[in-house]
Undergrad: 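Attaching a single structure in structure tokens format; questions to follow.
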Amino acid sequence: MPSSQEYILTLSCRDAKGIVYAVAGVLFEHGCNIIDSQQFGDLPSADDETCEHATGLFFMRVHFDALPHLADVVTLTSLFADVRQQFDMELNIHALSRKPRLLLMVSQYGHCLNDLLFRSQAGQLHAEVAAIVSNHPDFSALAASYGIAFHHLPLPARASQEIKQAQEARVRALVDELRIDLVVLARYMQILSPELCEFLRGRAINIHHSFLPSFKGARPYHQAHDRGVKLIGATAHYVTASLDEGPIIEQDVARVDHSLSPEDFTAAGRDMESMVLARAVRWHVEHRVLMNGHKTVVFS
């Protein structure tokens, strides 16, 4: 369990000389102890003359201890006012003692939901599941077994725009009322509106049941089986209005062969979905994921 004096600093800005020196200098000046530090500059390679594949941004994550009289986010953030202005930084500080609050959304496949609930209860995921939302009632008993509020927000087949807007308004209200830090679409099989995607920008993660961008849409494992693929995969990404095209956080693959049925593909895929989503959620709540345009930087 992290102490009440442990913090994570994350930043991004245009790459320039002296950033690491300036950040470390502020921490040293105020008696803070750096436990771990990682940085990455997305700079063009020698043969990338047009800089087409690089954003030119610098990213940093620092895990540090603060002295007791400085141990709150507002005070610590204020120490970096000059450095932030000098480098035009996006800088955030997070208290490791605080567990981020999650809202899990699910439809009728519960493998990812069950996995995240277990990890949270077992202390493998440093986060608190504040509530579960579903458009089906199937997992109300599972939620009750963990003592977590279950909100059944149904969406009829071919729901009208008005019904969908009303349902999403209730989701937004829950996010605000419960002070949700991250919404996790744990196989929630509904497309979110552009308005809800914008409301949740950077704080909603989806698990896609294939190795993007291949085999999009329904029954991806059957599509893969019909094509005779030798690898199947899963992809966790941030939610955007562009369906299944949000910045990717984590992916994995499993080897399959001709002897396996579509049901075997599905079983292997669901195990992988649970693992990939759990890793993505853990990295997010540990403040290891930074946005880099349409990509992410994930510090291990």
Side-chain angles (χ1 to χ4, degrees), residues 1-2 6 8 10 73 92 94-153 167-190 192 196-209 234-240 246-250 270 273-291 296 298:
M1 182 72 178
E6 287 185 62
I8 297 292
T10 60
V73 168
N92 294 285
H94 310 272
L96 273 187
S97 59
R98 179 184 177 275
K99 285 187 174 183
R101 294 171 60 79
L102 309 184
L103 176 66
L104 307 184
M105 299 184 69
V106 64
S107 290
Q108 291 181 291
Y109 297 112
H111 50 289
C112 290
L113 171 68
N114 192 49
D115 182 77
L116 290 171
L117 289 174
F118 173 79
R119 290 176 187 274
S120 177
Q121 185 185 67
Q124 299 175 12
L125 179 65
H126 187 64
E128 176 187 356
V129 179
I132 298 167
V133 164
S134 181
N135 55 322
H136 295 276
D138 304 46
F139 298 112
S140 59
L142 177 63
S145 72
Y146 281 92
I148 295 172
F150 182 84
H151 300 269
H152 177 213
L153 306 183
Q167 193 254 19
E168 289 194 346
R170 294 183 65 188
V171 172
R172 292 181 61 153
L174 283 172
V175 170
D176 288 336
E177 291 167 12
L178 299 175
R179 306 182 313 281
I180 296 300
D181 297 293
L182 180 67
V183 173
V184 183
L185 307 187
R187 291 305 302 271
Y188 181 67
M189 306 304 289
Q190 294 290 323
L192 305 187
L196 185 56
C197 290
E198 179 60 26
F199 175 70
L200 296 173
R201 183 158 56 100
R203 53 185 183 139
I205 293 175
N206 183 42
I207 183 66
H208 187 82
H209 42 254
T235 302
H237 62 89
Y238 284 112
V239 174
T240 65
I248 291 171
I249 305 168
E250 172 64 339
R270 287 179 179 170
E273 291 164 20
S274 298
M275 293 295 294
V276 168
L277 181 59
R279 288 197 291 263
V281 171
R282 177 166 63 85
W283 294 339
H284 178 94
V285 300
E286 291 178 355
H287 314 292
R288 298 182 181 278
V289 187
L290 299 178
M291 302 297 295
T296 60
V298 182

Undergrad: State the CD-CZ distance between E250 and R282, to the nearest 0.5 angstrom.
TA: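 Rounded to the nearest 0.5 Å, the CD-CZ separation comes out at 9.5 Å.
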
Undergrad: At their closest point, which heavy atom of L153 faces which heavy atom of Q167, and how far apart are they?
TA: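 Between these two residues, the closest heavy atoms are O-NE2, 3.1 Å.
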
Undergrad: Indicate the atoms forming the closest heavy-atom contact of M189 with S107, along with that distance.
TA: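 Closest heavy-atom pair between M189 and S107: N-OG, 2.8 Å.
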
Undergrad: Are the side chains of S145 and L142 in contact, using a 4.5 Å heavy-atom criterion?
TA: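 The answer is yes; the side chains approach within 4.5 Å.
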
Undergrad: Could I get the full list of side chain to side chain contact (heavy atoms under 4.5 Å, CB included) partners for F118, not counting sequence neighbours?
TA: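 Once residues adjacent in sequence are excluded, the partners of F118 under the side chain to side chain contact (heavy atoms under 4.5 Å, CB included) criterion are A122, Q124, Y146.
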
Undergrad: Atom CG of L117 and atom CD1 of I148: how far apart are they, to the nearest 0.5 Å?
TA: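 Going from CG on L117 over to CD1 on I148, the span is 5.0 Å.
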
Undergrad: Measure the spacing between OG1 of T240 and CG of L192 and express it to the nearest 0.5 Å.
TA: 10.0 Å

Undergrad: Is a donor on one side and an acceptor on the other found under 3.5 Å between the side chain of H126 and the backbone of L96?
TA: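 It does hold such a pair.
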
Undergrad: What is the ring orientation for H208 with H237, classed by angle as parallel under 30°, tilted 30 to 60°, or perpendicular over 60°?
TA: tilted

Undergrad: Taking the side chain as every heavy atom from C-beta outward, state whether V183 and V175 have any atom pair closer than 4.5 Å.
TA: yes

Undergrad: Answer whether the closest heavy-atom distance between the side chains of S140 and H152 falls below 4.5 Å.
TA: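 Answer no - side chains too far apart.
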
Undergrad: To the nearest 0.5 angstrom, please state how far the CD1 atom of I249 sits from the CD1 atom of I205.
TA: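 Spacing of CD1 (I249) from CD1 (I205) equals 3.5 Å.
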
Undergrad: H284 versus V281: any side-chain heavy-atom pair under 4.5 Å?
TA: no

Undergrad: Does the salt bridge (Lys or Arg N to Asp or Glu O under 4.0 Å) test come out yes or no for D115 and R119, once each step is laid out?
TA: CA-CA 6 Å; D115 182 77; R119 290 176 187 274; 2.7 Å; yes

Undergrad: Identify the residue among I132, L185, V184, N135 that makes a side-chain contact (heavy atoms from CB on, under 4.5 Å) with V106.
TA: I132

Undergrad: Which residues satisfy the ring-ring contact (aromatic ring centres under 6.0 Å, His included) test with Y109, sequence neighbours excluded?
TA: none

Undergrad: Test side chain to side chain contact (heavy atoms under 4.5 Å, CB included) on L196 and R172; report intermediate values, then the result.
TA: CA-CA 8 Å; L196 185 56; R172 292 181 61 153; 3.5 Å; yes

Undergrad: Nearest heavy-atom pair of G202 and Y238: which atoms, and what distance?
TA: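 So the minimum-distance heavy-atom pair works out to O-CE2, 3.8 Å.
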
Undergrad: Under a 4.0 Å threshold between the charged nitrogen and the carboxylate oxygen, would E198 count as salt-bridged to R201?
TA: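 Looking at E198 together with R201, the answer is yes, because their closest N to O distance falls below 4.0 Å.
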
Undergrad: On a heavy-atom basis, which atom in S120 and which in E128 lie closest, and how many Å separate them?
TA: OG-CA, 4.4 Å

Undergrad: Say you draw a straight line from CE of M105 to CG of L174; how long is it, rounded to the nearest 0.5 Å?
TA: 9.0 Å

Undergrad: Is any side-chain heavy atom of L125 less than 4.5 Å from a side-chain heavy atom of V285?
TA: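 Yes, at least one pair of side-chain atoms sits under 4.5 Å.
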
Undergrad: Quick one: pull up OG1 in T235 and CG in L277 and give me the separation to the nearest 0.5 Å.
TA: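 Spacing of OG1 (T235) from CG (L277) equals 11.5 Å.
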
Undergrad: Between A236 and I207, what is the shortest heavy-atom contact and its length?
TA: N-CD1, 4.0 Å

Undergrad: According to salt bridge (Lys or Arg N to Asp or Glu O under 4.0 Å), who are the partners of R98, at least two apart in sequence or on a separate chain?
TA: D181

Undergrad: Provide the closest heavy-atom pair for I180 versus A130 in the form atom of the first, atom of the second, distance.
TA: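 For I180 versus A130, the nearest heavy atoms are CD1-CB, 3.7 Å.
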
Undergrad: Backbone N or O of R101 within a donor-acceptor pair of the R179 side chain at under 3.5 Å?
TA: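 No: the side chain of R179 does not pair with the backbone of R101.
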
